[in-house]
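To start, the structure itself, in structure tokens.
Naming: A, B, ... by sequence-line order, numbering from 1 per chain.
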2 protein chains.
Amino acid sequence: MASELQGRVRPLEVDRTSPVPLYFQVATRLQELIEKGEIGVGARIENEVDLAERLGVSRPTTRRAIQYLVERGMLIRKRGVGTQVVHPKVRRPVELSSLYDDLVAGDRAPRTEVLRLEVLPAPDTIANALEIAPGTDVTWIERLRYAGGEPLALMHNAIPLDVLPLTRDDLAAHGLYELLRRNGLTPRIATQVIGARSATPAEARTLDEKRGASLLTMTRTAWDAGGRALEYGSHVYRASRYSFELNLSAG
Amino acid sequence: MASELQGRVRPLEVDRTSPVPLYFQVATRLQELIEKGEIGVGARIENEVDLAERLGVSRPTTRRAIQYLVERGMLIRKRGVGTQVVHPKVRRPVELSSLYDDLVAGDRAPRTEVLRLEVLPAPDTIANALEIAPGTDVTWIERLRYAGGEPLALMHNAIPLDVLPLTRDDLAAHGLYELLRRNGLTPRIATQVIGARSATPAEARTLDEKRGASLLTMTRTAWDAGGRALEYGSHVYRASRYSFELNLSAG
DNA sequence: GTCAATACTTTGTCATGACAAACTCCAGGA
DNA sequence: TCCTGGAGTTTGTCATGACAAAGTATTGAC
């Protein structure tokens, strides 16, 4: 009954001429209100039926909008009780983005040095990870990633040749994932293993670390929506400069 | 038209007397067929309209079942094309489980030694992580986790006292998350940071590692569905024995 | 033979209506 | 006082119907 949303009809109107789906418009508006704190943490939002009527949309549409925010961890719903704000910002699921993208987004001035680039038949371990036939041609690249002028990560990747041919110039100027996306290849699913180990002398030298320094390791295989393996990567990061942040949500 | 599902009406029937939602029944049946390989990778499943009719359920119900499997990474949909199997097993999102649960599931015979357990006012850093008022009473615990007879991880945790009082015996016999769940507290959302560093001499001694060995670090804060902080943890793992596995899906 | 327009298929979005299940709260009785 | 029962509220599930948008395949013109 007493809702924080009452009297705020204006910011929740929908535009039926827009190509943006109604449920998404509603979700976005709600998200804005929550992020701005106009609907505080702990507050209950109006019930679905009333909200739908007030917005002039159907209940399924309203439900879908709310569901969207529930999946993002902003709202929770309880049958017989209502829908409540639990967190003012989106808790994103783990992102499938590349290191390069992350650094660009974080203003950390990434630069990439391509140490090696060659086409060779995939050895068994890599063929296995990519779920392709051993001996299939892959592009094997070795890159050194800098951030803010310092070396940050040493990255080894294998990309099946028929997925995307790569050049040194491309790789020096763009992140791998950006190149994939530009060619219509969207990583959709990935499995990662994150571990740690001590740097080998060569790695220490390359990364400007002391002998035996701790490195964060990550191996990943990524597939596109069609189930085709796009990329296998084996990376090491300077633990002193980098860590992985994850947001998880269960249920 | 030509569908791998045709003529397989039997294994896809639904039980309307069951309390299990119809959409979930359909999703489960489909998942079984895919996992068993009866619908192969790459194969298109019957279109929603026909499938719904054949099952005797409505199209929204069918859609919801398919949507469920799409979110789990087994299927992909394309408008105007159809729905296709892309992976024969569920690609789970990152699980919100405890190390203890993982070890039990992996038959690695976990054992826990409680090194410290005391109630104290939360220092600023912990209060900050838990989003509670500084000085609020928390239970501070320090545990050594063994697997297969060997030390594996050194774990520090803070649990607000009003969330759950803990005893040494409880903690020695059960994982922290199991204890939370037993008391009706379900971790729902968490943020984790995974990094690495070298072991301090004390840590090396405790974990039976060499001086300066690489350790995998994880700090985590977990909230329940109501947005209440349940737990803050700062753990170190022997990198030689443990790594994190993640399955991601985007889009 | 090649290319463009058209028809068809399939998923995406939305509305309306109905009932069920879980929870809260209050009133009435032991 | 306690606690039990029922009314009311709110989300969960499901059905039916309709049109839109995107992709594929076919057909027809040049």
Side-chain angles (χ1 to χ4, degrees), chain A residues 1-6 13-28 30 43-71 74-86 184 186 225-226 251, chain B residues 1-6 13-28 30 43-71 74-86 184 186 225-226 251:
Chain A
M1 202 77 67
S3 160
E4 282 70 11
L5 278 178
Q6 283 188 335
E13 273 166 0
V14 294
D15 175 9
R16 283 188 178 271
T17 68
S18 161
V20 178
L22 290 179
Y23 78 89
F24 196 79
Q25 290 185 39
V26 175
T28 307
L30 279 173
R44 278 215 308 258
I45 69 170
E46 203 173 356
N47 76 65
E48 296 172 356
V49 180
D50 292 354
L51 185 57
E53 191 180 359
R54 204 155 57 73
L55 290 168
V57 300
S58 71
R59 192 181 155 214
T61 300
T62 310
R63 268 186 76 75
R64 191 164 173 187
I66 292 172
Q67 184 62 32
Y68 181 81
L69 296 180
V70 168
E71 280 161 9
M74 295 184 90
L75 301 174
I76 54 159
R77 308 209 256 197
K78 282 184 196 154
R79 195 190 297 200
V81 180
T83 304
Q84 207 175 6
V85 178
V86 293
T186 311
Chain B
M1 203 78 66
S3 159
E4 281 69 12
L5 277 180
Q6 282 188 336
E13 275 166 357
V14 295
D15 175 10
R16 281 186 180 274
T17 67
S18 162
V20 178
L22 289 180
Y23 78 89
F24 196 78
Q25 290 186 40
V26 176
T28 307
L30 278 174
R44 278 216 307 257
I45 68 171
E46 204 173 355
N47 75 65
E48 296 173 357
V49 181
D50 292 354
L51 186 57
E53 191 181 358
R54 205 155 57 70
L55 290 168
V57 301
S58 70
R59 190 181 153 213
T61 301
T62 310
R63 268 187 77 74
R64 190 163 173 189
I66 291 172
Q67 184 62 33
Y68 181 80
L69 296 180
V70 168
E71 280 161 8
M74 296 182 89
L75 301 175
I76 55 158
R77 307 209 257 198
K78 280 184 196 154
R79 194 190 299 201
V81 180
T83 304
Q84 206 175 6
V85 178
V86 291
T186 311

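Rounded to whole angstrom, the span from the CD1 atom of A:Ile76 across to the P atom of C:dC23 amounts to 12 Å. Atom CZ of A:Arg44 and atom P of D:dT9 are 13 Å apart (whole Å). Following rounding to the nearest Å, B:Glu46 (CD) and C:dT9 (C1') show an atom-to-atom distance of 14 Å. When rounded to the nearest whole Å, the span between CD of A:Glu53 and C1' of C:dA15 equals 14 Å. Between the P atom of C:dT11 and the CG atom of B:Leu75 lies a distance of 11 Å, rounded to the nearest Å. When the P atom of C:dA18 is taken as reference, atom CZ of A:Arg59 falls 13 Å away, rounded to whole Å. At whole-Å resolution of the value, CD in B:Gln67 and P in C:dT13 are 9 Å apart. As rounded to whole Å, 14 Å separates atom P of C:dT10 from atom CD of B:Gln84.
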Find every protein N or O atom lying less than 3.5 Å from an N or O atom of nucleotides 23-25 of chain D, and list the pairs.
residue : atom : partner : partner atom : Å
D:dG23  : O4'  : B:Arg79 : O            : 3.4

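Mapping B:Val57 and A:Glu48 onto DNA chain D via the closest heavy atom, the residue that lands nearer the 5' end is A:Glu48.
Put simply, the side chain of B:Leu22 does not reach to within 4.5 Å of the side chain of B:Arg64, judged on heavy atoms. Side-chain contact check for B:Thr83 versus B:Arg63: every heavy-atom pair is 4.5 Å or farther apart.
Close to C:dT11, at under 4.0 Å from its OP1 or OP2, lies a side-chain N or O of B:Thr83. For D:dT13, neither phosphate oxygen OP1 nor OP2 lies less than 4.0 angstrom from any side-chain nitrogen or oxygen of B:Thr61. At the phosphate of D:dT11, neither OP1 nor OP2 sits under 4.0 Å from any side-chain N or O atom of A:Arg63. At C:dT13, one or more side-chain N or O atoms of A:Arg64 fall inside 4.0 Å of OP1 or OP2 (strictly under the cut-off). For the OP1/OP2 pair of C:dG12 and a distance below 4.0 Å, the side-chain nitrogens and oxygens of B:Arg77 include at least one atom meeting the criterion.
The side chain of A:Ser58 has C:dT16 as its nearest neighbour among C:dT16, D:dT11, D:dA15. Distance from the side chain of A:Pro60 is smallest to C:dT16 among C:dT16, D:dT13, C:dC14.
For A:Tyr23, there are no ring-ring contact (aromatic ring centres under 6.0 Å, His included) partners two or more places apart in sequence or in a different chain. With sequence neighbours excluded, no residue forms a side chain to side chain donor-acceptor pair (under 3.5 Å) with A:Thr62. B:Thr28 pairs by the side chain to side chain donor-acceptor pair (under 3.5 Å) definition with nothing, not counting sequence neighbours. Among residues two or more places apart in sequence or in another chain, the side chain to side chain donor-acceptor pair (under 3.5 Å) test is passed with A:Gln67 by A:Glu71, A:Arg77. Residues satisfying the side chain to side chain donor-acceptor pair (under 3.5 Å) criterion with B:Arg59, sequence neighbours excluded, are B:Glu48.
The stretch residues 17-25 of chain A touches DNA chain C through A:Pro21, A:Leu22, A:Tyr23, each having a heavy atom under 4.0 angstrom from the strand.
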Under the side-chain contact (heavy atoms from CB on, under 4.5 Å) rule, what do B:Leu75 and B:Val85 come out as? Steps first, then yes or no, please.
-> CA-CA 5 Å; B:Leu75 301 175; B:Val85 178; 3.8 Å; yes
Begin from the C-alpha positions of A:Ile66 and A:Ile45 and carry the test side-chain contact (heavy atoms from CB on, under 4.5 Å) through to its verdict.
-> CA-CA 10 Å; A:Ile66 292 172; A:Ile45 69 170; 4.1 Å; yes
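Taken to the nearest 0.5 Å, the CD1 atom of A:Ile76 stands 11.0 Å off from the CZ atom of A:Arg44.
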